[in-house]
There are 4 protein chains.
Amino acid sequence: MSPKVSQAYKDEKRAIILEGALHCFIDKGFQATTIDDIVRHLGMSKGAIYSYFSSKEVMYIQMADDKMNAMVENSSEDFKNMPSAEDQIRYMFDRFRRQSLDELRKWLAFHLEFMLYAARQPELTERWNQYANKALLFMQEIMEGGMKTGEFRSDLDIAAASRLFWSVRDGLALQFMLSGEETDYKSMINEMEKKVFRYIQG
Amino acid sequence: MSPKVSQAYKDEKRAIILEGALHCFIDKGFQATTIDDIVRHLGMSKGAIYSYFSSKEVMYIQMADDKMNAMVENSSEDFKNMPSAEDQIRYMFDRFRRQSLDELRKWLAFHLEFMLYAARQPELTERWNQYANKALLFMQEIMEGGMKTGEFRSDLDIAAASRLFWSVRDGLALQFMLSGEETDYKSMINEMEKKVFRYIQG
Amino acid sequence: MSPKVSQAYKDEKRAIILEGALHCFIDKGFQATTIDDIVRHLGMSKGAIYSYFSSKEVMYIQMADDKMNAMVENSSEDFKNMPSAEDQIRYMFDRFRRQSLDELRKWLAFHLEFMLYAARQPELTERWNQYANKALLFMQEIMEGGMKTGEFRSDLDIAAASRLFWSVRDGLALQFMLSGEETDYKSMINEMEKKVFRYIQG
Amino acid sequence: MSPKVSQAYKDEKRAIILEGALHCFIDKGFQATTIDDIVRHLGMSKGAIYSYFSSKEVMYIQMADDKMNAMVENSSEDFKNMPSAEDQIRYMFDRFRRQSLDELRKWLAFHLEFMLYAARQPELTERWNQYANKALLFMQEIMEGGMKTGEFRSDLDIAAASRLFWSVRDGLALQFMLSGEETDYKSMINEMEKKVFRYIQG
DNA sequence: CATGAATGAGCATTCATTCAT
DNA sequence: CATGAATGAATGCTCATTCAT
């Protein structure tokens with residue numbers, strides 16, 4: 001498997017490495033994962049990995065970037081034919097509900113570890129903030145839509161409501177990070193959904 | 001057969017070490033902090049530290065334990081002469097408000113890093129859950145009190161409300177972990193306070 | 001049964017590779033130059049290079065060999081129609097003068113690095129010595145010529161004088177390896193030229 | 001062997017490490033010497049070495065610095081009671097003669113390798129030039145003394161003569177770097193000595 | 001034949017922990 | 001008891017060389 005491989009091949013390999021590394025990072029954490037762990041998991045040579053990523057950190061950042069972007073982009077796609085803002089927000093809650101606690105925990109562990117990592121490196125903090133803003137704007141646009149159609153109360157503070165939405169989502173996830181039953185989690189999402197709608201619909 | 005050093009001396013020294021290590025862990029994170037960092041910060045010998053704690057990890061766990069216990073205990077103390085449940089909860093919000101964003105961020109970074117660390121070690125996960133339950137119970141007791149005095153609505157699901165309280169608190173903190181202004185943070189606490197009371201008072 | 005590629009083509013390619021590698025070795029040194037540096041500089045594939053040279057070391061040795069031989073051969077060529085020994089030696093000094101300090105430094109760096117490299121490998125030491133002897137003989141022949149024509153003093157110790165010539169040349173170059181002005185260098189060559197002639201002409 | 005060791009102990013250990021590393025660097029060259037080589041040669045742990053020197057490069061530079069300074073300083077010491085400039089210069093030649101070819105070769109290999117290394121790093125080039133200047137000044141002072149006492153010819157260009165002295169010394173050493181007999185080397189030093197004196201005494 | 005992706009031994013450096021003094 | 005020098009396994013990364021396509 002060697003020379004003159006297609007760009008598609010390279011892209012795929014790159015994705016495979018990222019996926020394998022992600023698996024390890026989720027399993028043991030970024031700092032605790034060694035390159036050898038990744039090598040072992042992927043059954044690939046060290047050199048191969050380093051020919052696609054110049055450092056463990058670059059891999060990590062790239063991975064976080066991809067994940068962060070995917071989150072907002074995936075939603076946008078599904079929203080194409082949802083005219084109602086309420087539907088859009090209910091869809092978001094559905095997505096939360098669809099994710100199993102197990103998945104949630106892995107996702108959150110990765111997410112939080114990267115946040116802590118970013119908190120100690122100015123240029124990453126900046127990137128993180130851009131992502132956070134993207135998520136906030138995404139919500140604000142939905143809410144703006146809802147206000148225009150009269151679905152939501154007219155005196156809604158969009159910025160605050162958007163923050164509240166994510167804050168509720170993050171807080172909830174954090175509560176169930178280390179313990180809790182799937183059913184309790186789902187029912188709390190329902191509870192939160194009600195509260196959020198009570199708040200934005202007045 | 002002299003007592004050599006008193007127990008009090010030992011306890012104090014132990015506390016000093018823990019405090020110095022905490023400073024470093026907050027500053028750079030647990031994994032990134034080296035024993036030499038702590039030694040340098042404390043102006044103490046490596047051997048001294050190792051005679052009080054058998055490993056860096058033991059120090060970390062002990063420290064987290066102390067912090068977690070202190071949190072609930074401190075509140076309990078102040079609650080002695082607060083008969084009203086509403087006052088007690090408002091007091092909690094006051095404590096959140098009194099903490100500067102800067103302090104919050106440091107506190108949260110330590111808190112989250114330890115949570116991630118605990119998530120990967122079963123025996124620590126257990127300990128963490130005990131703490132989380134303690135915090136939940138603490139809130140539940142307050143709410144129970146509020147229901148008895150009629151301050152809160154009678155059909156309140158105490159367990160859910162308690163979870164909601166902490167969830168709101170955590171979510172809020174997370175929102176402001178990497179960016180955001182002090183004033184925005186404070187006003188969101190106020191907003192959350194209103195929402196929480198609307199929820200528990202019906 | 002086609003000749004595929006002609007020998008001439010191969011020789012040319014070989015020369016191109018050697019030239020490109022030389023550029024890199026002079027720039028960064030042998031050990032510090034990676035095959036990738038050479039590949040990048042030549043715009044050629046790794047495989048191509050390895051099909052002409054079995055290792056980086058072989059390339060290096062070949063290159064040094066070529067350079068060493070070229071040095072003496074070039075001179076011999078130009079000497080064809082110089083009957084006077086004095087002219088021949090003056091011509092050598094002219095060649096030194098014509099080389100800019102910048103060129104000299106690059107040339108010397110390569111030369112010295114190879115010498116150090118050779119010093120640690122018996123078979124290369126041998127080869128180096130053959131070259132050194134060639135250079136000495138080359139000078140001795142000139143001087144012998146000069147003695148026959150009576151240009152140089154009759155009691156000249158040819159071997160010593162030849163060593164002295166190269167020793168003067170090397171020492172001078174070494175003096176200016178890391179610093180010094182072009183003009184100082186040139187004037188010292190002149191000075192040395194005078195001294196050498198005073199010595200050999202008596 | 002451990003805590004609260006004296007400064008003398010540390011200095012000694014530092015010197016031992018430097019000496020051991022020098023041995024390896026001379027043997028295999030700086031780049032080719034691995035930390036493990038040094039560890040093996042010294043029978044010491046890697047950590048111990050790194051607690052005295054922060055990197056292999058720092059060790060190398062320190063070592064070169066020491067050697068370069070030692071050269072001039074040693075001579076200065078011996079010159080205290082040598083009133084005649086001629087004696088001083090003859091003493092220098094004696095020192096050259098006293099050094100065996102074997103020692104010379106090792107010394108020169110280290111010297112040249114460091115020079116090549118320095119040539120590629122601006123801040124080291126600077127340091128090297130300072131040393132070279134020191135050596136030049138050292139000679140110039142001797143010659144100045146000789147002119148004052150009338151030992152040397154009055155129209156001597158001190159700067160040029162000083163350069164010539166070192167240039168002769170370096171060129172000679174280079175000639176014998178890879179081959180040559182001890183006796184030839186010694187007799188060429190004698191020859192050079194004569195030439196130098198003929199030059200400076202007129 | 002040419003290509004360049006893959007290999008993996010090798011390297012400099014770090015750091016938690018130990019233990020001689 | 002306290003000290004801090006010593007240890008050495010572990011880690012991230014490099015690069016000459018190979019060989020499947």
Side-chain angles (χ1 to χ4, degrees), chain A residues 1-6 9-10 13-14 17 31-39 42-59, chain B residues 2 4-5 9-10 13 31-40 43-59, chain C residues 2 4-5 9-10 13 31-40 44-59, chain D residues 1-6 9-10 13-14 31-39 42-59:
Chain A
M1 226 171 302
S2 238
K4 276 283 176 211
V5 298
S6 65
Y9 171 86
K10 278 181 173 178
K13 184 124 199 182
R14 202 184 151 85
I17 293 174
Q31 312 221 48
T33 297
T34 69
I35 295 293
D36 277 312
D37 286 333
I38 300 174
V39 161
L42 284 170
M44 194 181 282
S45 76
K46 237 178 267 215
I49 291 173
Y50 274 92
S51 84
Y52 285 89
F53 298 93
S54 58
S55 76
K56 190 179 141 185
E57 196 193 21
V58 161
M59 252 169 70
Chain B
S2 53
K4 284 156 186 184
V5 290
Y9 172 84
K10 278 186 180 172
K13 189 138 190 182
Q31 313 222 44
T33 297
T34 68
I35 296 290
D36 276 312
D37 286 332
I38 300 173
V39 161
R40 220 171 297 126
M44 196 180 281
S45 79
K46 244 181 255 211
I49 291 174
Y50 272 90
S51 80
Y52 285 89
F53 299 94
S54 59
S55 77
K56 192 179 141 185
E57 195 193 22
V58 162
M59 254 169 71
Chain C
S2 55
K4 283 157 186 180
V5 290
Y9 171 84
K10 277 187 183 172
K13 189 139 189 181
Q31 312 222 46
T33 296
T34 68
I35 296 290
D36 277 311
D37 287 332
I38 299 173
V39 161
R40 219 171 298 126
M44 195 180 282
S45 78
K46 244 180 254 210
I49 291 173
Y50 272 90
S51 80
Y52 285 88
F53 299 93
S54 59
S55 76
K56 193 179 139 184
E57 195 193 22
V58 162
M59 254 168 72
Chain D
M1 232 170 300
S2 236
K4 276 283 176 207
V5 297
S6 64
Y9 171 86
K10 279 179 171 177
K13 184 125 199 184
R14 202 185 151 86
Q31 311 220 48
T33 296
T34 69
I35 295 293
D36 277 311
D37 287 332
I38 300 174
V39 161
L42 283 170
M44 195 182 281
S45 77
K46 240 178 263 219
I49 291 172
Y50 273 93
S51 84
Y52 284 89
F53 298 94
S54 58
S55 76
K56 191 180 139 184
E57 196 194 21
V58 161
M59 252 168 70

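What you are looking at is a predicted structure, and each value in this text was computed from that prediction instead of being measured.
The side-chain contact (heavy atoms from CB on, under 4.5 Å) check on C:S55 picks up C:E57, C:V58, with sequence neighbours excluded. C:T34 is linked by a side-chain hydrogen bond (donor to acceptor under 3.5 Å, both in side chains) to C:D37, counting only residues two or more places apart in sequence or in another chain. With sequence neighbours excluded, the residues satisfying side-chain contact (heavy atoms from CB on, under 4.5 Å) with A:A32 are A:K28. Considering only residues two or more places apart in sequence or on other chains, C:K13 meets the side-chain contact (heavy atoms from CB on, under 4.5 Å) condition with C:Y9, C:I17, C:M44, C:Y52.
Going from atom CD1 of D:I38 over to atom P of F:dG8 covers 17 Å, rounded to whole Å. The interatomic distance linking A:K56 (NZ) with F:dA10 (C1') rounds to 12 Å, in whole Å. Separating the CD atom of A:Q31 from the P atom of E:dC15 is a distance of 11 Å, rounded to the nearest angstrom. Between the C1' atom of F:dA5 and the NZ atom of D:K10 lies a distance of 9 Å, rounded to the nearest Å. Between the CD1 atom of C:I49 and the P atom of F:dT18 there is a distance of 14 Å, rounded to whole Å. E:dC15 atom P lies 18 Å from atom CD of B:E57, rounded to whole Å. Atom CG in A:D37 sits about 16 Å away from atom C1' in F:dC13, given to the nearest Å. To the nearest angstrom, P of E:dG4 lies 11 Å from CG of C:D36.
Summarising the geometry of C:A48 relative to C:S51, their closest heavy-atom pair is O-OG, 2.9 Å, with the distance given to 0.1 Å. Of all heavy-atom pairs spanning A:Q31 and B:Q31, the tightest one is CB-NE2, 3.7 Å. Looking at every heavy atom in both residues, C:Y50 comes nearest to C:K56 through OH-N, 4.5 Å.
Close to F:dA20, at under 4.0 Å from its OP1 or OP2, lies no side-chain N or O of A:Y9.
Residue contacts for C:S54: at a heavy-atom cut-off of 4.0 Å it reaches no nucleic acid atom on any strand shown. D:I35 comes within 4.0 angstrom of a base, heavy atoms only. Counting any heavy atom pair closer than 4.0 Å across all strands shown, A:T33 reaches sugar-phosphate atoms only and no base atom.
For the salt bridge (charged side-chain N to carboxylate O under 4.0 Å, His left out) condition, the pairs that include at least one residue of residues 42-53 of chain D, sequence neighbours left out, are D:D36-D:K46.
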Please enumerate all protein N or O atoms sitting under 3.5 Å from an N or O of nucleotides 8-10 of chain E, with distances to 0.1 Å.
| residue | atom | partner | partner atom | Å |
| --- | --- | --- | --- | --- |
| E:dG8 | O6 | A:G47 | N | 3.2 |

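Pairs of Watson-Crick or G-U wobble type, with distances under 3.5 Å, assemble into runs of 3 or more in DNA chain F at these ranges: E:2-21 with F:2-21.
Looking at the side chain of D:Y52, the nearest of the listed nucleotides E:dA5, F:dA6, F:dT17 is F:dA6. With E:dA5, F:dA6, F:dG12 as the choices, the nucleotide that has an atom nearest any side-chain atom of D:K13 turns out to be F:dA6.
Nearest-nucleotide assignment on DNA chain E puts the 5′-proximal partner with C:S51, out of C:S51 and B:Y50. Each of B:M44 and A:A32 was assigned the nucleotide of DNA chain F with the nearest heavy atom; the assignment lying further toward the 5' end belongs to B:M44.
Interatomic distance, CE of D:M59 versus CD1 of D:I38, reported as 3.5 Å (0.5 Å rounding).
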